[in-house]
Amino acid sequence: MDFPLETVRRKFPALDLTDKGRRRIYLDNPAGTQVPQAVADAVARCLLTTNANLGGYFETTVAAQKVVDDAHAAMADFLGAASAEEIIIGANMTTLTYHMSRTLGRRFKPGDEIIVTRMDHEGNVSPWLQLAEDLDLVVRFLPFDETSWQVEETALSALLTDKTKLVALNYASNLTGSINRVKALTALAKQAGALVYVDAVQFAPHGLIDVQDLGCDFLVCSAYKFFGPHMGILWGRRDVIDALKPYKCRCSSNGLPERFELGTPQIELMAGLTAAVDYFADLGAAAGESGSRRRKIAKAFEVSIAHENPLALRLIEGLSDIEGLTIRGITDPKRVSERVPTVSFTVDGIVPETIVRQLNAENIFLWSGHNYAWEIVHQLGIPAEQGVVRIGIAHYNSAAEIDETLESVHRVVAMLRQQRS
């Protein structure tokens, strides 16, 4: 079926906003997407009708507990988890990763080794570096291949030893857009006896995740990157997290996942999280899937990918026409399935921020900088204080928006070059 773009766009009130009569083009999606009306309604409804702390016997506290339970069940469906008890919900991916890294640190001893990649967001690097510093662990850096733009299995194999205790990987890069072969990389790490911690923040808006099929031990993502509220989700394999002793209050629950969820939860945001998952399920139902919520979510990604990939190729092709512009990532149309529609580039002699400021002034929203892809810019030799121009597509974007953005990039680059000459 054709992607129901206009129906989708009508669900997002922000897409209709204007500033002094000027439309908005949202291409800042890798940093956070807009939300459907249903998500905002769910948050408001929770605050207005089920606003209570947990653990009591009166109506609002019982209703609040259902909101929390529903959110865990929804994310179990979204990630393909075996149980809602494997879903840990918190403030954001980075906070959850810091918390889990410290918990896992109880199992490590001086001289143990951790592998981190040069492709990851800093939220899946710094927690492990600082843990290693605290516990006298050894850190090994895994580079990505600058031809394939992916982490290669041979490179990981060369770093694995009998001392490797954890491998931190990313599913898709928030700068290059490249998708890693996480299942194959995980299998290698598991053969060496290591735990595998996967950052799926950039992949989650663009592809179906199946944690059981991947074989990893932990996977994190962020709801605000897939049309939900500002919060993070961590999945942990039941047998692994059940054996962990987290840092928590003495009198708080020892149950799963409660013992990893510190303090009073963001109940109203959990209501929005369920609504975001149900948004995907509704899209899958509209595309003809009548099965379980999980199957509807899978169908939603199928039709979304069919819409997003041509937009990404349209963007890449249009940018490639600009002399001196280098796209930092996969550009081969035959490999479009190996990337998410996040496209970053640099232009010879032009600071990325100067391009972005001009496009932002035209109400085209996108970013410049290193975007916390600290290791990537250093491996590529890009000045960290400058970074790249990053354009990120979501499934509510249109071909007309891509064309207008390309016209602006061409015009702005030409103008800046003329100013320099």
Output yes when a side-chain donor or acceptor of Asn363 lies under 3.5 Å from a complementary backbone atom of Arg23, and no otherwise.
yes
Go through the steps for Trp367 and Asn371 under the test side chain to side chain donor-acceptor pair (under 3.5 Å), then give the verdict.
CA-CA 8 Å; Trp367 288 96; Asn371 299 294; 5.8 Å; no
Report the residue from Leu160, Val167, Leu159 that forms a side chain to side chain contact (heavy atoms under 4.5 Å, CB included) with Leu188.
Leu160
May I ask you to check whether Tyr279 and His395 place their ring centers less than 6.0 Å from one another?
yes
Using 0.5 Å steps for rounding, measure from the CG atom of Leu169 to the CZ atom of Arg181.
12.0 Å
Thr176 side-chain N/O to Ser173 backbone N/O, donor-acceptor pair under 3.5 Å
no
For Phe12 together with Tyr26, are the ring centres under 6.0 Å from each other?
no
Taking atom OG of Ser253 and atom NZ of Lys248, what is their separation to the nearest 0.5 Å?
7.0 Å
Is there a donor-acceptor contact under 3.5 Å from the side chain of Ser292 to the main chain of Arg295?
yes
For Arg294 and Asp210, what are the C-alpha separation, side-chain angles and deciding distance, and is it a side-chain contact (heavy atoms from CB on, under 4.5 Å)?
CA-CA 10 Å; Arg294 173 70 176 172; Asp210 188 336; 3.6 Å; yes
Distance in Å, Ile391 CD1 paired with Thr405 OG1, rounded so as to fall on 0.5 Å steps
6.5 Å
Are Phe203 and Phe226 an aromatic pair by the rule of ring centers under 6.0 Å?
no
Short question: side chain of Ser304, backbone of Phe301 - any donor-acceptor pair under 3.5 Å?
no
Give a yes/no verdict on a cation-pi contact between Arg118 and Phe141, requiring under 6.0 Å between NZ or CZ and the six-membered ring centre and an angle within 45° of the axis.
yes
Can you tell me how the ring of Phe144 sits relative to the ring of Trp149, calling it parallel under 30°, perpendicular over 60° and tilted otherwise?
parallel
Compare all side-chain heavy atoms of Glu146 with those of Leu380 and state whether any distance is below 4.5 angstrom.
yes
Measuring only between side-chain heavy atoms, which start at C-beta, is Gln358 closer than 4.5 Å to Arg411?
no
Looking only at the side chains, is there a donor atom on one of Glu122 and Trp374 sitting less than 3.5 Å from an acceptor on the other?
no
CD1-CZ distance between Ile355 and Arg357, expressed to the nearest 0.5 angstrom:
13.0 Å
Give a yes or no answer on whether the side chain of Thr95 reaches the backbone of Ala91 with a donor-acceptor pair at less than 3.5 Å.
no
Just one of Val62, Val68, Thr61 clears the side chain to side chain contact (heavy atoms under 4.5 Å, CB included) bar with Gln65, so which one?
Val68
Side-chain donor/acceptor of Lys296 to backbone N/O of Phe280, under 3.5 Å:
no
Does a side-chain heavy-atom distance below 4.5 Å link Tyr197 with Cys216?
no
Evaluate the side-chain proximity of Leu27 to Glu401: yes if any heavy-atom separation is below 4.5 Å, no if none is.
no
Taking the side chain from Thr33 and the backbone from Asn29, do they hold a donor-acceptor pair closer than 3.5 Å?
no
Reported CG-to-OG1 distance for the pair Asn53 and Thr264, which is rounded to 0.5 angstrom:
4.0 Å
Please check if the distance between the ring centroids of Tyr396 and His307 is under 6.0 Å.
no
